[in-house]
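In listed order, ligands and their atoms are each counted from 1. Here, residue 1 is the first one in the sequence, and each next residue gets the next number.
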Amino acid sequence: MFNKTINYSQQNIDKSDVNAITKSLSNSVLTQGKEIIRFESNLKKYFKAKYASVVSSGTAALHLAATSLGWNKNDFIITTPLTFIATANSILYRNAKPIFIDINLKDYHIDLNKLETKLKTSRKKIKAVIAVDYAGNPCDWKNLSYLAKKYSFKLINDNCHALGAKYNGQKDYSTKYADIVTQSFHPLKNITTGEGGAIITNNYKIFNRINKLRNHSLELSKSKNYWDKEVNELGFNFRLTEFQASLGSNQLSKVDYLIKKKQLIAKKYNEHFKKIENITIPPVRKNCYHAYHIYPLLIDFKKLNLNKSSMMNYFLKNNFRLQVHYKPIHTYKLYKKLFRFKNHDFPVSLKFFNEEVSIPIFPNLKKNTQNKFIDLLYKFLKI
Ligand SMILES: Cc1ncc(COP(=O)(O)O)c(C=O)c1O
């Protein structure tokens, strides 16, 4: 039963991935060896960036980004409520204060007009903005970096959905505009290492600190003897293993091909759903190439006089396990308790949450399975 169920996303592991892992398992070291260096060098090449540090998860990448910038309890950090909980938690790990700015419905990203109003009127100094390339569609990076310079804050790109996306034809856009870029290699992301993540930057100071922090901040002491280490700052064990890194390198070599396959799936959905009233296909920003980590379909259940839970259960009964991305962060009990948020504080994200359904998109989704999904949706919508 479980195996038959089609998820909204699915990792893509082939023989070459298995071979890469198997080969690395015969190396003399299983962590902190040459596969890590190779994966980092491949990421640097892909992003045309100076530095990359791979870590144990995308959450660890955000945590280290926040730590490297020295956020503390007096700092205010802006992000969007429409993201995975890890984005905002990275602010809380440092005891800093999150400020949410609602999304806009043009591209599902942080609303830049509302952001600028906040930056203009806030009596609190905003230390950083974490912008999320939701679903795999790049944000308006030119204007974000213009605001970062004008109001002097650091810009983090939570790029966990968008590895392989292009902005004005460039897939290395993120490191061009943001001070720090974070990646996740969770199985359902565009490439996977099982669990894993990375921080990519052109800033040596940030890189150097992160590189130490991921390994307990251990560094060579003055003696320079390899067995004599020094620690100046509280660090973590956020290391990735060698076999995960070898899988990462192999996956990265295929990512453009895998995204092309997702693009074809998205194109077919778009053709079917773009003309249906009260249904919205995912927007693609002008001059951008969508990486389709997910395909968020908006269904105005109210106007269609339909019920979202009924739809999710209907599909589950038919062996499709759809998902919702995301319950807005300000509506979680933890955030309400800590910051007194009310559900209606960010109405656009809330409306989005009520209407969004992530439908199956992954490179090996079979044509007849996609057709079956489309037919079922027509049936559910009574079209
Ligand atoms: C936008 C975003 N940020 C951060 C993360 C955290 O990544 P990980 O699951 O690898 O810790 C995710 C993963 O789901 C994500 O979607």
Side-chain angles (χ1 to χ4, degrees), residues 7-11 39 43 52-67 77-94 98 100-101 103 107-110 128-139 141 144 155-165 174 178 180-200 210 213-214 236-241 244-245 247-248 251-252 255 259 262 282 290-296 323-330 332 335 349 352-353 356 358 361-362:
N7 208 8
Y8 74 94
S9 183
Q10 178 69 43
Q11 69 267 19
F39 187 27
L43 284 166
S53 282
V54 293
V55 290
S56 51
S57 68
T59 306
L62 284 159
H63 192 156
L64 292 189
T67 311
I77 316 295
I78 289 181
T79 193
T80 151
L82 184 74
T83 181
F84 185 55
I85 184 87
T87 315
N89 281 356
S90 69
I91 305 167
L92 270 54
Y93 295 149
R94 298 292 308 165
F100 292 115
I101 300 287
I103 57 159
D107 55 15
Y108 307 163
H109 297 138
I110 190 163
V129 171
I130 313 176
V132 184
D133 289 341
Y134 174 82
N137 184 32
C139 291
W141 283 101
L144 271 167
L155 197 46
I156 297 183
N157 177 203
D158 182 338
N159 195 250
C160 291
H161 291 189
L163 178 60
S174 50
I180 304 182
V181 175
T182 61
Q183 291 294 340
S184 162
F185 308 130
H186 175 272
L188 304 185
K189 295 294 189 296
N190 285 345
I191 68 166
T192 188
T193 57
E195 295 282 358
I199 301 106
I200 304 157
I210 282 173
L213 282 165
R214 72 174 170 178
F236 309 87
N237 174 0
F238 286 161
R239 297 185 302 254
L240 196 71
T241 63
Q244 286 176 298
L247 174 60
Q251 290 259 308
L252 189 62
V255 68
I259 290 171
K262 285 190 178 193
H290 202 304
Y292 289 111
H293 158 52
I294 51 174
Y295 186 101
Q323 194 45 275
V324 177
H325 295 94
Y326 289 100
K327 176 169 167 160
I329 294 182
H330 72 285
Y332 283 116
Y335 279 76
S349 296
F352 186 93
F353 167 58
E356 196 271 349
S358 297
I361 188 161
F362 49 89

Legend entry - Contact partition for T182 relative to ligand 1, non-hydrogen atoms under 4.0 Å: neither
Legend entry - Distance-only donor-acceptor check, side chains N89 and Y335, under 3.5 Å: yes
Legend entry - Nearest protein heavy atom with distance in Å, relative to atom 3 (N) of ligand 1: D158 OD2, 2.7 Å
Inset, instruction - Look at the rings of Y134 and H161 and say which category their plane angle falls in: under 30° parallel, 30 to 60° tilted, over 60° perpendicular. - result: tilted
Inset, instruction - Measure the CG-OG distance between N157 and S174 for me, rounded to the nearest 0.5 Å. - result: 5.0 Å
Legend entry - Atoms of ligand 1 close to T87 [distance to a heavy atom under 4.0 angstrom, numbered from 1]: 3 (N)
Inset, instruction - Starting from atom 16 (O) of ligand 1, locate the nearest protein heavy atom and write down its residue, its atom name and how far away it is, to 0.1 Å. - result: H161 NE2, 2.9 Å
Inset, instruction - Return yes or no for this condition: an N or O of E195 is under 3.5 Å from an N or O of ligand 1. - result: no
Legend entry - T83, any N or O under 3.5 Å of ligand 1 N or O: no
Inset, instruction - Measure the CD-CD distance between E356 and Q323 for me, rounded to the nearest 0.5 Å. - result: 8.5 Å
Legend entry - Gap separating the CD1 atom of I210 from the CD1 atom of I180, nearest 0.5 angstrom: 5.0 Å
Legend entry - Protein contact of atom 11 (O) of ligand 1 - nearest heavy atom, named by residue and atom, plus distance: T59 OG1, 2.5 Å
Legend entry - Heavy-atom nearest option to atom 14 (O) of ligand 1, drawn from K189, H325, H186: K189
Inset, instruction - Could you tell me whether ligand 1 has any atom less than 4.0 Å away from a heavy atom of A61? - result: no
Legend entry - atom 12 (C) of ligand 1: the protein heavy-atom neighbour that sits closest, reported with distance to 0.1 Å: F84 CD2, 3.5 Å
Legend entry - Polar proximity ligand 1 side, C160 side, N/O cut 3.5 Å exclusive: no
Inset, instruction - State the atoms of ligand 1, each with its element, that fall below the 4.0 Å cut-off from a heavy-atom position in Y326. - result: 16 (O)
Inset, instruction - Just jot down the ligand 1 atoms closer than 4.0 angstrom to any heavy atom of S57, in number order. - result: 10 (O), 11 (O)
Inset, instruction - Heavy atoms only: give me the nearest L188-S9 pair and the separation to one decimal. - result: O-OG, 3.4 Å
Legend entry - Whether Y326 and F84 hold their rings parallel, tilted or perpendicular, with breakpoints at 30° and 60°: tilted
Legend entry - Per-atom contacts of ligand 1 with L62, taking only distances under 4.0 Å to non-hydrogen atoms: 4 (C)
Legend entry - Distance (rounded to the nearest 0.5 Å) between Y93 OH and L62 CG: 8.5 Å
Inset, instruction - Pull out every atom of ligand 1 sitting under 4.0 Å from any heavy atom of G196, numbered as shown with elements. - result: 10 (O)
Legend entry - Separation between CZ of F39 and CD of Q244, rounded to the nearest 0.5 Å: 9.5 Å
Inset, instruction - Give the atoms of ligand 1, by number and element, whose distance to some non-hydrogen atom of G58 is under 4.0 Å. - result: 6 (C), 7 (O), 8 (P), 10 (O), 11 (O)
Legend entry - Rounded distance [0.5 Å steps], CG in L64 versus OG1 in T182: 10.5 Å
